[in-house]
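What follows is a short report on a single structure.
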Amino acid sequence: MKLALIGFGNVGRAFARLLEAKRSAYPFRVTAIHTARHGTAYSEKRLGPEPEFGPAAASVDEFLDRARADVVIELTTLNAETGEPALTHIRKAFERGSHVVTANKGPVAVAWPALCEEARMAGVEFRFESTCMDGAPVFNMVRNNLPGVQILGFTGVLNSTTKMVIGAMRRGLSLDEGIAEAQAAGIAEADPAHDIDGWDSAAKTAALANVLMNARITTMDVQRTGIGGLTPEYVQGLAERGKTVVLVSRARGTEYSAGPEEVDDTDLLASIEGTSNLLLIHTDLMGTLGMVSISPGVEQTAYGVFSDVVDIARTI
Ligand SMILES: NC(=O)c1ccc[n+]([C@@H]2O[C@H](COP(=O)([O-])OP(=O)(O)OC[C@H]3O[C@@H](n4cnc5c(N)ncnc54)[C@H](OP(=O)(O)O)[C@@H]3O)[C@@H](O)[C@H]2O)c1
């Protein structure tokens, strides 16, 4: 099966390393890679984890026409409000009859119902396991293992940067010092406002609500509150009362929110640290089910992409 990658940053490179490690059992071939500034690479046989890039394709159309891939893997930078440029890339791949896998939550957050319909019309698969929990099998678990179940809502702690910043405030550091710590740990986005202002959590809330609850919403429909207004004094005052504050993603009925909530230190929502994340799914037939991923990194995100490719290979 021929794979074409659009975007070859942290996730793309980790995915290429994973394919190399699992090559004998899963002989997928990356034959084309396109980036924004590093150029484009093609190979008739296969590109390894350290490909040599040539001049950039003049456009994504030119790239996709030459790549003629079975699966296009979209791994470009996130825009939570518009879903671009990934949204356009995904549509161009569908037009060419390619299946699509993405780790980019933007398109799922802003255009999921339309993309599902377009994929169905094109007779291709559209998968996105890594968009919300760094590769933990949320969507595949629901799709494959919960037949007949209606998802009534969910509760998630899905953003690492805010957890680290609140932890730093609890130690008396300022918001900016907490952000600097998260950036030094390689967790925060280059533009930390994306995490601090709640955009990342709101986009994940919209993506989960769209897929799990058929909500047909966008990031803008999620009631979003960031943690920019919190102070070390407030967080330390809570700690003295055995409490903390957590940025929680919630969906219940037609209410969707992402914002800071006060919880007891002993609460399940307060119990996960660092990059770890947690999702509780509230259902009609199975009560509340949970998933926790402990300290996931880019390798787990790459694994989510890999699991989607394997699932597509099984399906077609
Ligand atoms: N990192 C994680 O742990 C993680 C976890 C879950 C989800 N995600 C999502 O996965 C996606 C990729 O993340 P990442 O960490 O790999 O990002 P990254 O390191 O910033 O890499 C982004 C890649 O996209 C390319 N790119 C950007 N705009 C492009 C365009 N218009 N056309 C072609 N290529 C373009 C960049 O090209 P250049 O190399 O030339 O700049 C780069 O190779 C993002 O949507 C992110 O939100 C990441």
Side-chain angles (χ1 to χ4, degrees), residues 4-18 30 32-42 47 49-64 66-67 72-93 100-110 127-139 156 158-161 164 182-183 185-192 194-195 199-204 206-208 219 274-277 279 293 295-308:
L5 272 55
I6 308 179
F8 199 64
N10 298 309
V11 179
R13 287 195 294 269
F15 177 70
R17 291 194 298 274
L18 192 163
V30 175
I33 305 175
H34 185 50
T35 69
R37 294 165 302 156
H38 290 85
T40 303
Y42 300 101
L47 296 163
E50 304 284 344
E52 268 192 34
F53 287 92
S59 64
V60 167
D61 292 280
E62 182 188 295
F63 170 73
L64 292 173
R66 179 160 168 194
V72 170
I73 302 183
E74 217 295 340
L75 301 173
T76 63
T77 323
L78 169 71
N79 182 319
E81 284 174 84
T82 66
E84 295 293 357
L87 197 47
T88 299
H89 296 165
I90 291 169
R91 289 187 157 133
K92 288 179 185 295
V100 173
V101 173
T102 187
N104 189 326
K105 66 190 88 73
V108 187
V110 306
R127 297 294 170 88
F128 37 78
E129 191 61 86
S130 290
T131 50
C132 294
M133 262 187 97
D134 297 318
V138 178
F139 300 118
L158 303 168
N159 182 269
S160 312
T161 299
M164 281 198 78
Q183 283 174 330
I187 289 174
E189 299 269 343
D191 175 7
H194 177 72
D195 295 308
W199 285 110
D200 175 73
S201 294
K204 286 174 177 166
L208 286 165
T219 311
T275 64
S276 303
N277 45 37
L279 183 69
S293 180
S295 302
V298 74
E299 278 74 22
Q300 283 63 54
T301 304
Y303 178 75
V305 172
F306 173 78
S307 71
D308 281 339

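All values below come from the heavy atoms of this structure, side chains included, with hydrogens, waters and symmetry mates left out. In each ligand, atom 1 is the first atom listed, and ligand 1 is the first ligand listed. Predicted model, so just to flag it, every value in this text is computed and none were measured. Throughout, numbering of the chain's residues begins at 1 and tracks the sequence.
Listed for the D195 side chain is no donor-acceptor partner under 3.5 Å among the backbone atoms of T161. For Q183 (side chain) and A185 (main-chain N/O), no donor-acceptor pair under 3.5 Å exists by modelled atom type.
Protein heavy atom at the shortest distance from atom 29 (C) of ligand 1 is A36 CB, 3.7 Å. Protein heavy atom at the shortest distance from atom 30 (C) of ligand 1 is H89 CE1, 3.9 Å. Summary of contacts: the protein heavy atom closest to atom 27 (C) of ligand 1 is T77 OG1, 3.4 Å. Shortest contact from atom 33 (C) of ligand 1 to any protein heavy atom: T35 C, 3.5 Å. Nearest protein heavy-atom contact of atom 40 (O) of ligand 1 is R37 N, 2.5 Å. Here the heavy atom of the protein found nearest to atom 47 (O) of ligand 1 is L78 CB, 3.7 Å. Of the protein's non-hydrogen atoms, the one nearest atom 12 (C) of ligand 1 is L75 O, 3.3 Å. Summary of contacts: the protein heavy atom closest to atom 38 (P) of ligand 1 is H38 ND1, 3.4 Å.
Distances below 4.0 Å separate heavy atoms of D134 from the following atoms of ligand 1: 5 (C), 6 (C). Ligand-side atoms of ligand 1 in range of F8: 23 (C), 42 (C), 43 (O), range being under 4.0 angstrom from any heavy atom. If you number the atoms of ligand 1 from 1 as listed, the ones under 4.0 Å from a heavy atom of N104 come out as 45 (O).
Remark: R66 qualifies as a cation-pi partner of Y42 under the 6.0 Å distance and 45° angle criteria applied to the six-membered ring.
Neither the backbone nor the side chain of T131 has any atom closer than 4.0 Å to an atom of ligand 1 (non-hydrogen atoms only). Contacts between P85 and ligand 1, counted as non-hydrogen atom pairs separated by less than 4.0 Å, involve the side chain only. Contacts between S130 and ligand 1, counted as non-hydrogen atom pairs separated by less than 4.0 Å, involve the backbone only.
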**Item:** Audit row: D134, N277, side chain to side chain contact (heavy atoms under 4.5 Å, CB included) steps and yes/no
**Value:** CA-CA 9 Å; D134 297 318; N277 45 37; 3.2 Å; yes
**Item:** Stepwise ring pair (Phe, Tyr, Trp, His ring centres under 6.0 Å) check, F139 with F128
**Value:** CA-CA 8 Å; F139 300 118; F128 37 78; 5.1 Å; yes
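Inter-residue side-chain proximity for W199 and E81 is flagged as met; some heavy-atom pair is nearer than 4.5 Å. Between L5 and V30, some side-chain heavy-atom pair lies under the 4.5 Å cut-off. Taking the side chain as every heavy atom from C-beta outward, T82 and V110 never approach each other to under 4.5 Å.
Residue contacts with ligand 1 do not include R13, since none of its heavy atoms lies under 4.0 Å from the ligand.
Distances from atom 44 (C) of ligand 1 to the heavy atoms of V11, T76, I187 show the closest one on T76. With distances taken over non-hydrogen atoms, the option nearest atom 25 (C) of ligand 1 out of G83, G7, A103 is G7. When N10, V305, T301 are checked for heavy-atom proximity to atom 17 (O) of ligand 1, N10 turns out nearest.
The environment of OH in Y303 is sparse: at most 12 heavy-atom neighbours from other residues, nucleotides or ligands sit within 6.0 Å.
R17 has a carboxylate O that lies under 4.0 Å from a charged side-chain N of E299, or vice versa, which qualifies the two as a salt bridge.
When the options D200, T219, T131 are evaluated for a side chain to side chain donor-acceptor pair (under 3.5 Å) with K105, the one that passes is D200.
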